[in-house]
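These notes are about the structure you will find just below.
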Amino acid sequence: MGLTLASETLSLPLRDPFRIARAEPGAGTRITTVIVEVRDDRIPDVVGIGEGYPDRFYGETPETMAAVFPALLEAIGSFDATVDGLIAADHRMERAIRGHGAAKCAIDVALHDLVGKVQGVPVHVLRGLSAETPPTDFTLGIDEPEVVAERARRAADFPALKIKVGGPADLATLRAVRRVYAGPIRVDANTGWTRHDAEALLPELLDMGVELIEQPFHARAYRDLGWLQERSPLPIVADESCVFPEDLEALRDVVAGINVKLAKCGGIGPAYRMLVEGRRMGFRTFLGCMEETSVVIAASAVVASLAEWVDLDGCLLLENDPFEGLELRPDKRWRLSDRPGLGVVRKGT
Ligand SMILES: [Mg+2]
C-alpha cells in the first residue's frame with residue numbers, strides 16, 4: 001500500500017535561443033525536464049501529474065532525480081489525500097534529504113494535483129489561496145543588443161520584461177530595449193557582475209527606469225549583495241542565493257527581495273512557506289520559474305497571489321508545450337483552473 005511513481009525525461013526545443021550569464025557552452029536551444037505521474041494504490045484510477053526541472057547549478061540531473069525518488073516516497077510513507085497529508089509529505093521530504101528541490105517539486109506538484117482530483121477542487125482552493133495574481137513578465141536571454149530589442153518589440157504586450165544581463169553588451173542591450181519598450185524592465189545578471197560592473201551600471205539603470213536588479217553577484221557573496229543594496233535605490237533580489245526556506249535568514253538586512261521558484265525549493269508546499277515567511281520577514285517577493293512546461297507553471301500560479309512580482313513564462317519560451325489547459329489572459333495573468341487538481345493534461349489525451 002502506498003504511492004507509486006512513473007517518470008519520463010523530456011528534451012524540448014525552445015522558441016528562441018535562451019542564454020544566461022552562467023550558461024554552459026552550447027546551452028540555450030533545448031531544455032530537459034522530468035514529468036512524473038504519481039498514483040496512490042488505494043485510488044489507482046486517479047493520476048497526479050508533476051514536474052521537476054533538474055538544474056546542474058543546483059546539483060540535479062534526471063539521474064539524481066531518479067535516484068532520490070524512491071527515498072522521498074519512502075519518507076512520505078502512507079499518504080493521506082488531504083491538505084494535512086500534503087503538508088505532512090512536504091515536511092517528511094524536507095527532513096528525509098537535504099536539497100534535491102526538483103525531485104521534491106515533481107512529487108509535491110503531483111501530490112497536489114492528485115489530492116485536488118480526489119477532493120474535486122482546484123489546487124489553489126485546496127490551499128486556500130486567491131485566484132487573483134499579478135501579471136507575468138516575459139524574459140529575454142542574452143544575445144546581440146539588436147536581437148534582444150527585436151524580441152522585446154515582439155513581447156511589447158507584456159506589462160514588464162525581464163532582461164538577462166551579465167556581459168560586455170549590457171548597457172547597449174538595455175538601451176536598445178528601452179528604445180522599443182516603455183514598460184518596467186527587470187534585469188537579471190545571474191551572478192555575472194563584479195562590484196565594479198554594478199557601480200558603473202547603477203546610475204544608467206536608474207536613468208532607464210529599471211525596476212529591480214536580480215542576483216548581480218555570486219550566490220554566497222552576501223557582503224557584496226549588501227554593499228550594493230546599501231547604495232541602490234532599486235531593490236536587489238536574491239535568486240541563486242535564495243534556494244530553500246533556511247536561506248531567508250542569511251539574506252535578512254542584506255537584500256530587499258527574494259526570488260522563490262518551485263524547482264529550487266521543492267514545490268508548492270515549500271514555495272508557500274517561503275513566500276509567507278519571506279513577507280513576514282519584510283522581503284519583497286518575486287515568484288519565478290525555470291523553462292518548464294505548463295505543469296510547473298500551473299503549480300506556480302497556485303501561490304502567485306502571495307508574490308509582488310511574477311515571472312512565470314517558462315512554458316511560453318517552449319516551442320511546443322506538451323501540456324494544455326492553462327490559459328494566459330490578455331492582461332498576462334494566468335487564469336487559475338476551475339477544474340479539480342491543476343487542470344493541465346497531456347496534449348492529445
Ligand atoms: Mg534569476
Side-chain angles (χ1 to χ4, degrees), residues 14 16-24 27-28 31 33 53-60 101-102 105 134 136-143 148 151 155 158 160-167 170 173-174 177 184-193 197-198 201 205 210-222 224-225 228-229 232 234-244 247-248 250-251 254-266 271 274-275 278 283-292 296-297 300 303-304 307-317:
L14 289 162
D16 285 319
F18 188 77
R19 207 162 63 75
I20 66 171
R22 54 176 176 76
E24 295 156 39
I31 61 97
T33 191
Y53 181 100
D55 188 334
R56 282 175 187 274
F57 183 80
Y58 298 108
E60 292 189 87
C105 176
T136 182
D137 62 24
F138 189 79
T139 310
L140 303 174
I142 295 175
D143 216 312
V148 180
R151 290 178 189 149
F158 280 83
L161 291 180
K162 181 162 164 173
I163 309 293
K164 295 291 192 177
V165 294
D170 288 353
T173 299
L174 293 168
V177 170
I185 292 176
R186 301 162 182 174
V187 303
D188 184 359
N190 287 107
T191 74
W193 284 349
D197 296 330
L201 282 165
L205 301 184
V210 164
E211 188 179 22
L212 60 85
I213 301 171
E214 192 172 306
Q215 200 68 43
F217 310 126
H218 286 161
R220 298 221 175 103
Y222 299 113
D224 293 339
L225 290 166
L228 183 59
Q229 184 63 86
S232 169
L234 301 177
I236 309 299
V237 176
D239 181 3
E240 284 85 342
S241 302
C242 181
V243 182
F244 301 110
D247 293 328
L248 296 181
L251 293 164
V254 174
V255 291
I258 52 167
N259 185 328
V260 173
K261 295 178 185 169
L262 271 62
K264 290 189 297 181
C265 68
M274 279 180 89
L275 288 166
F283 287 108
R284 300 180 72 178
T285 50
F286 201 170
L287 180 66
C289 65
M290 307 295 188
E291 297 86 65
E292 290 134 329
V296 169
I297 302 305
S300 303
V303 293
E308 176 182 358
W309 304 296
V310 167
D311 170 39
L312 293 180
D313 60 352
C315 57
L316 306 174
L317 307 178

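Start at 1 and go down the list; that is how both ligands and their atoms are numbered. Atoms considered below: every heavy atom in the structure, side chains included; atoms not considered: hydrogens, waters and symmetry mates.
Residues Lys264 and Asp239 are paired through a salt bridge, judged by an N-O separation under 4.0 Å between the basic side chain and the carboxylate. Comment: Lys162 does not engage Asp137 in a salt bridge, judged by the lack of any side-chain N to carboxylate O separation of less than 4.0 angstrom.
Summary: OD2 is the N/O/S atom of Asp239 found nearest to the Mg ion (ligand 1). Atom OE2 is the N/O/S atom of Glu214 found closest to the Mg ion (ligand 1). Of all the N, O or S atoms in Asp188, the one closest to the Mg ion (ligand 1) is OD2.
With Gln215 contributing its side chain and Ser241 its backbone, the two residues share a donor-acceptor pair below 3.5 Å.
Put simply, CD1 on Ile31 and CD on Glu292 are 8.0 Å apart, with the number rounded to the nearest 0.5 Å.
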